[in-house]
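Accompanying notes for the structure given below.
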Amino acid sequence: GGAEGETPAQFLERYERETLPMKNMVAEAAWQQKTNITDENTAAFVKANLELAKFSQKMENQALVFLKDKSLQLTFDQRRQLNKIADIDTNAQTDKTKLERLQTVITEMEQIYSEAEVCMNPSGDCLKLEPGLTELMRSSRDCQKLSDAWRGWRDQSGKKMKDLYQEYVQLSNEAVQILGHKDLGDYWKSRYDTSTFEEDVAVLFDQLLPLYQHLHSYVRRKLKAQYGPEIFPSTGHIPAHLLGNMWSQQWNNIADLVNPFKNKQLMDVTEEMKRQGYTIKKMFETAEDFFYSLGFDNMTQIFWEKSMLERPEGREVVCHASAWDMDKQDDFRIKMCTTINHEDLMTVHHEMGHIQYYMLYENQPLVYRHGANPGFHEAVGDTIALSVQTPGHLKTIGLLKAGNEQDKEADINFLMLMALDKIAFLPFGYLIDQWRWSVFRGDTPPEQYNNEWWKLRCRLQGISPAVKRGADDFDPAAKYHIVADVPYIRYFVSFVLQFQFYKAACVAAGYTGPLYKCDFYNNKAAGEKFKSMLQLGSSLPWPEAMERMTGQRHMDAGPLVEYFEPLLDFLRKENGEDYGWEEKCPENPPPC
Ligand SMILES: CC(=O)N[C@@H](CC(=O)O)C(=O)NC[C@H](CC1(C(=O)N[C@@H](Cc2ccc(O)cc2)C(=O)O)CCCC1)C(=O)O
Ligand SMILES: [Zn+2]
């Protein structure tokens, strides 16, 4: 047994008492490192992680002793908690040198990514990803500039990390194999508690492909009109740098080029936010107010004191937005280099959704303070943002001028903007971990890393590289989550779940109109439904949790398809038979 004659119940109590301060210490060290990247903060962060690993291994060993002891009468809940204590990720690596090397490789890759900058011709301006390159990709309509930024970013980030990444794969697989998993992808999928997870997401992707194909075709036609057809390959692919985003993952920033009814309002409120003098603080208060209207709690005092809501002067930070549970009473934070625009206002809701989930499961046993599955955590804020973005709600908060509610053309414009965010994302959200699972499994060897990446990008997303890719390019590591060891299929799952949660909240609010116009602001019944699911954390299998809110026990693309139905009808009429692209990208992408 554990400490002299310790019972499972005593062990679980001791686990919580001893682990909480340890996790808080690590969270603080991580926060210091991400909000002030210096050698000593990085070293301190790696050291803290090593301490946590040693501590977790002791707890894992003790949990395994109880789990294997046939003489013990463990309750269902004790067994569930002990299994979660024994699942300690790559901290299972007992070889200190290998564990330290893995931590160092990840922080090194993240440091290269965070400090990379591209010096543009002919201006000579050196731009970082945020805000410079992101702003350029968002707002420039100059093909050559977009192409230079697209290529430059990949040269300064991914291209420098191929060897590091190879080492990360090797060390990560070794670590999780100690826990009995085949490879890191196998371990990441195990968090969805179902052996059919890969097939389930593949089925969802196939169901949603027609929506994407029609959006892709419509956007391609509009971009040909804007840039001239000669820069588009005959294979039907869209050049990656023309889509308003460094990774072509969401296309909302080219809404002005794609807006179906020019004479009708574009639902992007960036200009109105600036005109009204919106501050960053006001953006966070707007999000806080929506959650509060549902009966959720306001942000804590410590949240406002300790968050980093804009890029600080004079120090290197990891700008990629993130929400933090510091494993300490009331201590929840957001780190974000916020800019005043529509996209960031939605990101604020996304990050605050994480904070609300942390607060709702704060009283669960420590091992249950996680999302029911990772997709749930990503869906909370986005579900709220679906209600916030309705023209009706934007009028309620004064960010959109009152207009004719029954305007079919304005509705199509709105659904188009939402599709540029939610539909455009689907193949991207799906393919990142298709690539990584094949790398971790060993099906994709290092010399095939970039080729396999572009095979997926060309076949599933229908985009082509701005310029021809070379043997030593490594484009996957131009994306934060790949560099920072953060799984990604959670976002694809979230983009399906959030429409299920949104529909359930609308039903709870007694709404009966077209789904895409539903605003459940101020509705306590909707809030109660949501809270009843979220307060469970991971204490029950996710189908049980989902059932509390939606009455369903499985992922279902139905609500997403229902939401976009009017747009798909419009697109089918517009596109006729002109949609789709060839599996392979062109050998040589046409120049600007
Ligand atoms: C300590 C820690 O790491 N905490 C976790 C939270 C947790 O696990 O508790 C966390 O904060 N992760 C950061 C990550 C940030 C963002 C992101 O990376 N988004 C994806 C895809 C996407 C894009 C649009 C969208 O609407 C939804 C998703 C991308 O940008 O590619 C950036 C903008 C939005 C969300 C996040 O919040 O998920
Ligand atoms: Zn998130």
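Whatever order the structure lists them in is the order used to number ligands and atoms, beginning at 1.
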Once the angle between the rings of Trp435 and Phe474 is folded into 0 to 90°, is it parallel (under 30°), tilted (30 to 60°) or perpendicular (over 60°)? tilted

Looking at Arg80 and Glu544, does any basic side-chain N land under 4.0 Å from a carboxylate oxygen? no

Among Met246, Gln249, Arg490, His320, which residue places a heavy atom closest to atom 32 (C) of ligand 1? His320

Could you identify the single nearest non-hydrogen protein atom to atom 9 (O) of ligand 1 and state the distance to 0.1 Å? Tyr358 OH, 2.5 Å

Residue, atom and distance of the protein heavy atom nearest atom 37 (O) of ligand 1 read Glu351 OE2, 2.9 Å

In terms of side-chain heavy atoms, does Thr38 have a donor or acceptor partner in Asn36 at a distance below 3.5 Å? no

Numbered atoms and elements of ligand 1 in range of Glu378, under 4.0 angstrom, heavy atoms: 36 (C), 38 (O)

Among all protein heavy atoms, pick the one closest to atom 13 (C) of ligand 1 and tell me residue, atom and distance. Ala321 O, 3.1 Å

Residues Gln249, Lys479; criterion side-chain contact (heavy atoms from CB on, under 4.5 Å); working and verdict: CA-CA 10 Å; Gln249 69 180 66; Lys479 179 63 191 168; 2.9 Å; yes

At a 4.0 Å threshold, what atoms of ligand 1 neighbour a non-hydrogen atom of His481? 17 (C), 18 (O), 20 (C), 29 (C), 31 (O)

N or O contact, Asp421 vs ligand 1, cut-off under 3.5 Å: no

Is the centre of the Tyr212 ring less than 6.0 Å from the centre of the Trp251 ring? yes

Can you label the angle between the Trp324 ring and the Trp31 ring as parallel, tilted or perpendicular, going by 30° and 60°? perpendicular

Tell me which protein heavy atom sits closest to atom 4 (N) of ligand 1, plus the residue, atom name and distance to 0.1 Å. Ala323 O, 2.9 Å

Return the residue, atom name and 0.1 Å-rounded distance of the protein heavy atom closest to atom 3 (O) of ligand 1. Ser322 CB, 4.3 Å

Look at the aromatic rings of Phe499 and Tyr502 and report parallel, tilted or perpendicular, splitting at 30° and 60°. perpendicular

In the protein, what heavy atom is nearest to atom 27 (C) of ligand 1, and what distance, to one decimal place, separates them? Asp382 OD2, 3.6 Å

How far is atom 31 (O) of ligand 1 from its nearest protein heavy atom, and which residue and atom is that? Tyr488 OH, 2.6 Å

Contact atoms of ligand 1, heavy-atom distance to Gln250 under 4.0 Å: 23 (C), 24 (C)

Trp247 touching ligand 1 at heavy-atom level, < 4.0 angstrom: no

Is Lys422 close to ligand 1, meaning an N/O of one under 3.5 Å from an N/O of the other? no

Extract all donor-acceptor atom pairs below 3.5 Å that involve side chains of residues 370-387 and protein atoms in other chains or at least two apart in sequence.
| from | atom 1 | to | atom 2 | distance (Å) |
| --- | --- | --- | --- | --- |
| Asn373 | OD1 | Gly375 | N | 2.7 |
| Asn373 | OD1 | Phe376 | N | 3.3 |
| His377 | ND1 | His354 | ND1 | 2.9 |
| His377 | NE2 | Tyr361 | OH | 2.8 |
| Glu378 | OE1 | His350 | NE2 | 2.9 |
| Glu378 | OE1 | His354 | NE2 | 3.1 |
| Asp382 | OD1 | His350 | ND1 | 2.9 |
| Asp382 | OD2 | Lys422 | NZ | 3.4 |
| Asp382 | OD2 | Gln498 | NE2 | 3.2 |
| Thr383 | OG1 | Ala379 | O | 2.6 |
| Ser387 | OG | Asp519 | OD1 | 2.7 |
| Ser387 | OG | Phe520 | N | 3.0 |

Atom 38 (O) of ligand 1 - nearest protein heavy atom and its distance: Tyr491 OH, 2.6 Å

Check for me: within less than 2.8 Å of the Zn ion (ligand 2), which protein N/O/S atoms show up? His350 NE2, His354 NE2, Glu378 OE1

Between the side chains of Arg457 and Glu452, is the shortest nitrogen-to-carboxylate-oxygen separation below 4.0 Å, so that they form an ion pair? no

Are Tyr113 and His320 an aromatic pair, judged by ring center distance below 6.0 Å? no

Would you check if the distance from the ring center of Phe564 to the ring center of Tyr516 is below 6.0 Å? no

Could you tell me which atoms of ligand 1, counted from 1 in the order shown, lie closer than 4.0 angstrom to a heavy atom of Lys479? 29 (C), 30 (O), 31 (O)

Under-4.0 Å salt bridge between Glu362 and Arg369: no

Using ring centroids (six-membered ring only for Trp), state whether Tyr430 and Phe492 fall under 6.0 Å. yes

Is it true that the side chains of Asp297 and Tyr292 contain a donor and an acceptor less than 3.5 Å apart? no

